[in-house]
Asker: 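Quick one: the structure is below, and I'll ask about it shortly.
Counting convention: from 1, in listed order, for ligands and their atoms alike.
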Amino acid sequence: MRILGISGSLRHDSHNTQLLRAAAEALPGGVGLELWDGLKAVPPYDQDDDVQPAPAAVAALREAIAGADAVLFATPEYNSSIPGVLKNALDWVSRPLATNALRNKPVAVVGASTGAFGAVWSQAELRKVLAAIGARVLEGDLAVGHAPSRFDEHGRLIDDDVRDQLREVVEALAAEAAHAPALAAA
Ligand SMILES: Cc1cc2nc3c(=O)[nH]c(=O)nc-3n(C[C@H](O)[C@H](O)[C@H](O)COP(=O)(O)O)c2cc1C
């Protein structure tokens, strides 16, 4: 089973990207997690450009999502919402609405912030957007507040509670993806 990890932060030392790297080390057997790193290359959404063939970065993202069994998002919170670059990429993925790559796709959302609340509002916003697009959104969030204290100087997760919660999220996502074909056929 393949999970695609998408971080909403472009920053090299992003805590959200580090969270996805930690998730990749906490996977159940038979599950792989691949990090998608093409966010910065996605152009601003313009409906006039939303034609075939799609811009290369958009086509690559759509294919990466379509080829994954599930998607794990890690999002920062920017001004109480999701980063514009992430929303922009999701706007591209959402089209065409009826057949978009996220439709019926199991997805889960986690998030990290430097403040106390761990990007909870941003995670809620992202779940709302993903549901509107038609993804199968897992309930619940993993709010990693005070992010700089959870990782060492090499960006490795050092908080065992967060690691356990991350493992639970990934296991739930993998379980949902295992059920996906049956649900899709129903
Ligand atoms: C433009 C901007 C807006 C931000 N707004 C919020 C916010 O609303 N809530 C919050 O908890 N943190 C906010 N932050 C702080 C982020 O939580 C912090 O920069 C975090 O490290 C970003 O995630 P990253 O490490 O994955 O890049 C903001 C940061 C930036 C750059």
Asker: Taking only residues two or more places apart in sequence, or in another chain, which ones meet W121 in a ring pair (Phe, Tyr, Trp, His ring centres under 6.0 Å)?
Answerer: F117

Asker: Who pairs with S94 by side-chain hydrogen bond (donor to acceptor under 3.5 Å, both in side chains), at least two apart in sequence or on another chain?
Answerer: none

Asker: Non-hydrogen atoms closer than 4.0 Å to ligand 1: which protein residues do they belong to? List them by chain and number, please.
Answerer: S9, R11, S14, H15, N16, P76, E77, Y78, N79, S80, S113, T114

Asker: Hey, which of L90, L39, I6 is the one that makes side chain to side chain contact (heavy atoms under 4.5 Å, CB included) with L61?
Answerer: I6

Asker: Quiz question: by atom type and distance under 3.5 Å, do the side chains of E125 and S81 form a donor-acceptor pair?
Answerer: yes

Asker: Check ring pair (Phe, Tyr, Trp, His ring centres under 6.0 Å) between F151 and all other residues, then give those that pass, not counting sequence neighbours.
Answerer: H15

Asker: Please determine if R127 and D141 form a salt bridge, counting it only when a charged side-chain N lies under 4.0 Å from a carboxylate O.
Answerer: yes

